[in-house]
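Quick notes on the structure that follows.
Numbering starts at 1 and runs along the sequence shown.
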Amino acid sequence: PSRSCVTLVRPAAEEADVRRAIGLEASQLRPQFVEGMSALKQRILGTAPPKALLGEPLDGSMLVALARQYTAAMNTEGVVPSIRGAWESVVEERC
């Protein structure tokens, strides 16, 4: 697998703004940070392969449904998560 690093400037100059950066509008953040995040997002979306299971592509809602199935199985004593069973449940929900 190929790996790379990206450095970003702090999202804001003031420490209080950095601590609440997740709630700030893009216009309240440093322009260099917004540009860097945009470039990083494009890079990730342009190079990451689509998620798939058993040869079928997954969208976001399917990935969430699978995660819920796995989590429920792992949190139930005596139950072993089944990839195929979880996938079949997700496919049934979609139909």
Side-chain angles (χ1 to χ4, degrees):
S2 71
R3 296 182 182 163
S4 63
C5 295
V6 174
T7 56
L8 298 168
V9 299
R10 288 171 53 98
E14 299 297 321
E15 184 63 30
D17 289 337
V18 171
R19 291 177 188 253
R20 62 184 186 96
I22 193 91
L24 297 177
E25 297 291 325
S27 62
Q28 296 172 289
L29 300 170
R30 284 179 157 170
Q32 302 94 330
F33 177 79
V34 174
E35 291 166 9
M37 286 300 296
S38 179
L40 178 60
K41 180 180 173 183
Q42 292 302 316
R43 184 174 178 183
I44 291 170
L45 294 176
T47 59
K51 298 295 180 204
L53 179 64
L54 303 174
E56 295 293 323
L58 297 174
D59 63 20
S61 63
M62 295 169 87
L63 196 56
V64 169
L66 278 172
R68 287 184 176 148
Q69 293 275 338
Y70 296 151
T71 303
M74 288 185 273
N75 288 328
T76 304
E77 191 171 330
V79 174
V80 176
S82 164
I83 293 173
R84 186 167 301 280
W87 174 245
E88 289 170 356
S89 295
V90 168
V91 170
E92 285 177 17
E93 288 178 19
R94 296 288 290 205
C95 295

TODO: Give the minimum heavy-atom separation between Trp87 and Pro57, together with the two atoms involved.
DONE: CH2-O, 4.4 Å
TODO: Search all heavy atoms of Asp17 against all heavy atoms of Ala12 and return the closest pair with its distance.
DONE: CB-CB, 3.5 Å
TODO: Specify the closest pair of heavy atoms between Val90 and Ala65, including all atoms of both residues, with the distance to one decimal.
DONE: CG2-CB, 3.7 Å
Task: Single-linkage hydrophobic cluster, 4.5 Å side-chain cutoff, Leu54 and Leu58 together - done: yes
Open item on the list: Ignoring hydrogens, what is the shortest heavy-atom contact between Pro81 and Met74? Give both atom names and the distance.
Closed with: CG-CG, 3.6 Å
Task: Close side-chain approach of Met62 and Leu53, heavy atoms under 4.5 Å - done: no
TODO: Please name the pair of heavy atoms, one in Arg30 and one in Arg10, separated by the smallest distance, quoted to 0.1 Å.
DONE: CD-O, 3.1 Å
- [ ] Count the heavy atoms belonging to other residues, nucleotides or ligands that lie under 6.0 Å from CG of Leu63, then report whether that count exceeds 12.
- [x] yes
Open item on the list: Is there a continuous path of hydrophobic side-chain contacts, each under 4.5 Å between heavy atoms, that joins Leu24 to Val18?
Closed with: no
Task: ILVMFWY network linking Leu45 to Met37, side-chain heavy atoms under 4.5 angstrom - done: no
Open item on the list: As an exercise, state the distance from OG of Ser82 to OH of Tyr70, rounded to the nearest 0.5 Å.
Closed with: 8.0 Å
Task: Derivation and outcome, side-chain contact (heavy atoms from CB on, under 4.5 Å), residues Val91 and Glu56 - done: CA-CA 10 Å; Val91 170; Glu56 295 293 323; over 6 Å; no
Open item on the list: For the CD atom on Glu15, are there more than 12 heavy atoms of other groups (residues, nucleotides or ligands in this structure) within a distance under 6.0 Å?
Closed with: yes
- [ ] For the residue pair Glu88 and Arg84, establish whether any side-chain heavy-atom pair is separated by less than 4.5 Å.
- [x] yes
